[in-house]
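All of these numbers come straight from a predicted model, not from anything done at the bench. Quick note on labels: first sequence line is chain A, next is B, and so on, each numbered from 1.
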Protein chains: 2
Amino acid sequence: MEILEAAAELFAARGFHGVSIEDIGGAVGTSGPALYRHFSGKEALLAEMLLDVSERLHAAGASRVTEAPDAEGALEALLTGQIEFALSHPSLITVHDRELGNVPEPARRQIRRLQRLYVEEWVTVLSELYPSCPPPRLRAATHAVFGLLNSTPHSAGELPRETMAELLRDMARTALTAVQDTAQNQAKS
Amino acid sequence: MEILEAAAELFAARGFHGVSIEDIGGAVGTSGPALYRHFSGKEALLAEMLLDVSERLHAAGASRVTEAPDAEGALEALLTGQIEFALSHPSLITVHDRELGNVPEPARRQIRRLQRLYVEEWVTVLSELYPSCPPPRLRAATHAVFGLLNSTPHSAGELPRETMAELLRDMARTALTAVQDTAQNQAKS
DNA sequence: TAGCGATGTTAGTCATCATTAACGTCAGCG
DNA sequence: CGCTGACGTTAATGATGACTAACATCGCTA
């Protein structure tokens, strides 16, 4: 929906509370209250936006993973999917990890659930690649990789898209090989 | 200052516009307008907060780097400094890269300048380690590493602090070794 | 001890904003 | 033709919130 696109840009730039219904309306050529024909309110709009993102990430991840022949392939698929999304929709990525707190409760739980599932997809794949690594460590590593990949909005335009995608993929893949290096510290404690 | 600490927590949790002057006052035991004895306004408060963070990061980075014997040591110092800061002040980190847009213009430029200087410290050190890498690529890699290190607020409590610090350091260090792998692609294009 | 400067307090004031009301337009279809 | 439902529009309305005013308190020092 065009409205959600525009709202994402605005939310990413100024934050949920920094954007008025008028602003969003203005961005799509209508004025203000027209949006209530499409969304029951500002928070509902945000909820739908985040729900959609979480679903897309989770679903894309799931399908890519089950299609992969082995764990390495699955990781590759997850990386590619996340990078693709992050490069294509930087503002959605930004809003997705900033504004969960502004989603009202029925939807918030569901979004959290999808996010958790998505993280667990990564953790499952990583568990297979690094069986000696305890899951909490893999979870932390996963969040770190998300941070790395989602840095995209901060370095927009520094590099051509394909180059950027490769750089991120290489850095992420390489970073993950470090996850077991100090695993002994974790195991012995 | 206690006020800035409290405000940072609140801004990190709900965003600049999602926090009222009353909220901040309440968090430090006074009520609302008392804050105007210490700051000329809400935006000025944010400006001071971000300016302070940028200065601390930049200054700490600079001093650590000049003390280091070689480029490897300098990178190590930068990593340690950033990780230390990110683990100690997660909400400042969060606010620092979310709310620049809400800082009014005289101060914004200065914060941007400090941020740029800080990034350039990293790029300079990395240039020494990977001379064949063009600076834009190193800049993108630096932002990616920041993203990785600043993932801390998202994985709070998953691991004990020391373990987390080591994991982040190892992942970041390792990720950076990937920066030259595909550098040929960049060089030949 | 009188006065002052720093710091709070409570009660406005004035904007902004989400949301609703009341009122068109108009395409499609009976 | 005339209705209906989708979609917009421009006024309220009612909160909330930043900021200011007017008025304490109180430690300090002349």
Roughly, in whole Å, what's the span from [atom1] in [X] to [atom2] in [N]?
X: B:H38; N: D:dC19; atom1: NE2; atom2: C1'; answer: 16 Å
X: A:L10; N: C:dC17; atom1: CG; atom2: P; answer: 13 Å
X: A:Y36; N: C:dA18; atom1: OH; atom2: P; answer: 7 Å
X: A:L46; N: C:dT19; atom1: CG; atom2: P; answer: 12 Å
X: A:L35; N: D:dT9; atom1: CG; atom2: C1'; answer: 13 Å
X: A:L45; N: C:dT19; atom1: CG; atom2: P; answer: 10 Å
X: B:F39; N: C:dA6; atom1: CZ; atom2: C1'; answer: 15 Å
X: B:E2; N: C:dG8; atom1: CD; atom2: P; answer: 10 Å

To the side chain of [X], which of [options] is closest?
X: B:K42; options: C:dT9, C:dA18, D:dC19; result: D:dC19
X: A:T30; options: C:dA18, D:dT9, C:dG8; result: D:dT9
X: B:P33; options: D:dC19, C:dT19, D:dG8; result: D:dC19

Is any side-chain heavy atom of B:S20 less than 4.5 Å from a side-chain heavy atom of B:D23? yes
Taking the side chain as every heavy atom from C-beta outward, state whether A:E162 and A:L87 have any atom pair closer than 4.5 Å. no
Are [X] and [Y] within salt-bridge range, i.e. N to O under 4.0 Å?
X: B:E67; Y: B:R64; answer: no
X: B:R137; Y: A:E158; answer: no
X: A:R109; Y: A:E105; answer: yes

Let me confirm one number: the NE2-CD distance from A:H89 to A:E84, rounded to the nearest 0.5 Å. 7.5 Å
Rounded distance [0.5 Å steps], OG1 in A:T142 versus CD in A:E121: 11.0 Å
Identify the heavy atoms of B:A7 and B:L45 that sit nearest to each other, and give their distance. CB-CD2, 3.7 Å
Which ones in residues 13-27 of chain B lie close to DNA chain D, meaning a heavy atom under 4.0 Å from one of its atoms? B:V19, B:S20, B:I21
Using five pairs at either end of the helix from C:dT1-D:dA30 to C:dG30-D:dC1, determine the angle between the two local helix axes and round it to 10 degrees. 10°
For the residue pair B:W122 and B:Y118, does the interplanar ring angle fall in the parallel (under 30°), tilted (30 to 60°) or perpendicular (over 60°) class? perpendicular
Just call it for A:G32: base, sugar-phosphate, or nothing, with non-hydrogen atoms closer than 4.0 Å on any strand. nothing
Do B:E9 and B:S91 get their side chains close enough for a donor-acceptor pair, meaning under 3.5 Å? yes
Heavy-atom count around B:R161 CZ within 6.0 Å, excluding the residue itself: above 12? yes
Encode nucleotides 23-28 of chain C as B, S and - characters from 5' to 3', where the letter depends on protein heavy atoms closer than 4.0 Å: B to the base, S only to sugar-phosphate, - to neither. ------
Could you go through B:D97 and B:Q115, starting from their C-alpha distance and side-chain angles, then the distance that decides it, and tell me whether this counts as side chain to side chain donor-acceptor pair (under 3.5 Å)? CA-CA 10 Å; B:D97 75 21; B:Q115 289 179 343; over 6 Å; no
